[in-house]
Amino acid sequence: MKKLLFNITDYEYLAERVLASGLFEKGELEVSHFTDGERYQRIICNVEDRDVILLGGTVSDQATLELYDLASSLVSYGANSLTLVIPYFGYSTMERAVLSGEIVTAKTRARLLSCIPRSNRGNKVLLFDLHSEGIQYYFEHGLYPVHVYCKDIVIAAAREYGGNNFVMASTDAGRAKWVESLANDMGVNAAFILKRRLKGDHTEVSAINADVAGKTVIIYDDMIRSGGSIINAAQTYKNAGAGDIYVITTHGLFVNDGINKLKNSGLIKKLICTDSHVNTQYIADDFTEIRSLAGLISQNIG
């Protein structure tokens, strides 16, 4: 019997792509809203003794609660097993407190999802290219976390646009370890930018650790919000003599007109990202290429 695949409202687009494989059965839901804005949900199909998958990113407070409410009810109605698939885990940059009194929201959200009742065979959560490796250890009470790396998607894109002679680059030293791992897998050089803090949030570039003159540079970052750090990095590499610059990211939020900022900078030839975030579904231009996580999801839940 095929596993049942449910999704929250925002992730209908990705659920359809996963279902296209024919490996899963679509879980039927009724979702509407009361006049005061409260959500109404009803599970239409029978989930008793079924292995259930629930797909949804925590892209907003509303989406997070929709995911939590639905997951809890699927277990209450008898699901044999529950696998949460969270393509984008919100608040992942708030994984630690820097200033006294800051709320570590990545941890509180993990604790919330850890309160979902346990199914007969246990609950599992799949998380994709987390901003920090430590986030997966915030989940509690038997909710088993699996960190899924999108490395194959990133490498395929880098190979397509960089060929065999390019530099894999990061925006700063903070992502250098992951970018170096990608570069080693592809047999190319890695580059990152060394910065020196001046005052407050102000920094200056002190050096680039690799020669990029005349070479294609592919910048990878796990997440792009408004694109500011990517533009700064691209300008730094361009000033160092880089040739064509491409950008690859797993999670494209592109807030505050981020796509146009990146495009209009004149520094970046093409942007490649996955469909992990709902905002990618509103992009329609030749500058941006969207690659789906559907195949990777199917591999890990099939």
Side-chain angles (χ1 to χ4, degrees), residues 87-88 92 126-136 146-195 205 207-224 227 229-254 262-263 265 267-277 280 286-300:
Y88 173 75
S92 60
L126 271 57
L127 304 148
F128 296 75
D129 279 0
L130 288 169
H131 185 70
S132 171
E133 295 276 356
I135 291 174
Q136 63 183 308
V146 178
H147 191 178
V148 180
Y149 296 97
C150 304
K151 183 178 282 191
D152 288 347
I153 296 174
V154 175
I155 288 176
R159 285 286 190 211
E160 180 175 337
Y161 289 104
N164 294 313
N165 185 23
F166 63 92
V167 176
M168 199 73 194
S170 65
T171 55
D172 54 45
R175 301 301 296 170
K177 184 177 180 180
W178 177 231
V179 168
E180 185 178 26
S181 174
L182 289 166
N184 288 339
D185 285 350
M186 292 182 283
V188 301
N189 289 331
F192 60 89
I193 298 168
L194 299 171
K195 296 178 181 179
V205 174
I208 297 176
N209 77 313
D211 179 18
V212 298
K215 299 178 181 178
T216 296
V217 171
I218 298 180
I219 301 172
Y220 171 78
D221 206 351
D222 64 300
M223 178 196 311
I224 297 178
S229 62
I230 291 289
I231 292 171
N232 290 337
Q235 185 66 68
T236 300
Y237 288 120
K238 187 63 76 172
N239 291 346
D244 290 337
I245 296 177
Y246 296 88
V247 172
I248 302 174
T249 186
T250 303
H251 308 297
L253 282 63
F254 308 127
L262 292 165
K263 186 176 181 179
S265 71
L267 299 166
I268 300 162
K269 192 166 185 179
K270 199 169 192 68
L271 169 67
I272 304 99
C273 71
T274 78
D275 56 359
S276 69
H277 196 286
T280 59
D286 294 333
F287 173 71
T288 310
E289 179 182 323
I290 311 297
R291 301 199 174 194
S292 184
L293 289 179
L296 190 59
I297 291 171
S298 295
Q299 290 172 24
N300 282 275

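This chain uses plain numbering: 1 for the first residue, then up along the sequence.
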Show me the pairs that pass salt bridge (charged side-chain N to carboxylate O under 4.0 Å, His left out) and involve residues 152-161, at least two apart or across chains. Glu160-Arg291
For the pair His147 (side chain) and Leu130 (backbone), establish whether a donor and an acceptor sit closer than 3.5 Å, ignoring hydrogens and angles. yes
Can you tell if the side chain of Leu267 reaches within under 4.5 Å of the side chain of Ile231, non-hydrogen atoms only? yes
All heavy atoms of Ala242 vs all of Val217, minimum pair found to be CB-CG2, 3.7 Å
Sidechain-backbone polar pair: Thr171 side chain, Ile230 backbone, donor-acceptor under 3.5 Å: no
I want to check something: taking the side chain as every heavy atom from C-beta on, are Ile268 and Phe287 in contact at a cut-off of under 4.5 Å? yes
Is it true that a side-chain atom of His277 and a backbone atom of Met223 form a donor plus acceptor pair closer than 3.5 Å? no
Does the side chain of Val154 come within less than 4.5 Å of Tyr149's, by heavy atoms? no
Backbone N/O of Gly241 and side chain of Lys215: donor-acceptor pair under 3.5 Å: no
Scanning both residues in full, the closest heavy-atom pair of Asn300 with Leu296 reads ND2-O, 2.8 Å
Distance from Tyr237 atom OH to Ile218 atom CD1, nearest 0.5 Å? 12.5 Å
Answer yes or no: is there a donor N or O on one side and an acceptor on the other, between the side chain of Ser276 and the main chain of Thr250, under 3.5 Å? yes
Is it true that a side-chain atom of Lys269 and a backbone atom of Val247 form a donor plus acceptor pair closer than 3.5 Å? no
Do the non-hydrogen side-chain atoms of Ile290 and Cys273 ever get within less than 4.5 Å of each other? yes
Minimum heavy-atom separation for Ser92 to His131, with atom names? OG-CB, 3.6 Å
Do Asp244 and Tyr161 make a side-chain contact, defined as non-hydrogen atoms from C-beta onward lying under 4.5 Å apart? no
Side chains of Leu127 and Ile135: does their closest heavy-atom pair fall under 4.5 Å? no
In Å, rounded to the nearest 0.5 Å, how long is the span from CD1 of Ile245 to CZ of Phe166? 14.0 Å
Specify the closest pair of heavy atoms between Ile248 and Ala157, including all atoms of both residues, with the distance to one decimal. CD1-CB, 3.8 Å
What distance do Thr249 atom OG1 and Asp222 atom CG have between them, rounded to the nearest 0.5 Å? 6.5 Å
Between CG on residue Leu126 and CD1 on residue Ile297, distance to nearest 0.5 Å: 8.5 Å
Minimum heavy-atom distance Ala240-Val212, with the two atoms named: CB-CG2, 3.7 Å
For His251 and Phe128, indicate whether the former's side chain and the latter's backbone hold a donor-acceptor pair under 3.5 Å. yes
Please check this pair: side chain of Asp129 against backbone of Cys150, looking for a donor-acceptor N/O pair closer than 3.5 Å. yes
Test item: Asp275 side-chain N/O and Leu293 main-chain N/O as donor-acceptor pair under 3.5 Å: yes
Can you list, pair by pair, the side-chain donor-acceptor contacts under 3.5 Å of residues 178-192, counting residues two or more places apart and other chains?
{"from": "Ser181", "atom 1": "OG", "to": "Lys151", "atom 2": "NZ", "distance (Å)": "3.0"}
{"from": "Asn184", "atom 1": "ND2", "to": "Glu180", "atom 2": "O", "distance (Å)": "3.3"}
{"from": "Asp185", "atom 1": "OD2", "to": "Lys151", "atom 2": "NZ", "distance (Å)": "2.8"}

Working to the nearest 0.5 angstrom, can you tell me the gap between Ile193 CD1 and Ile219 CD1? 7.0 Å
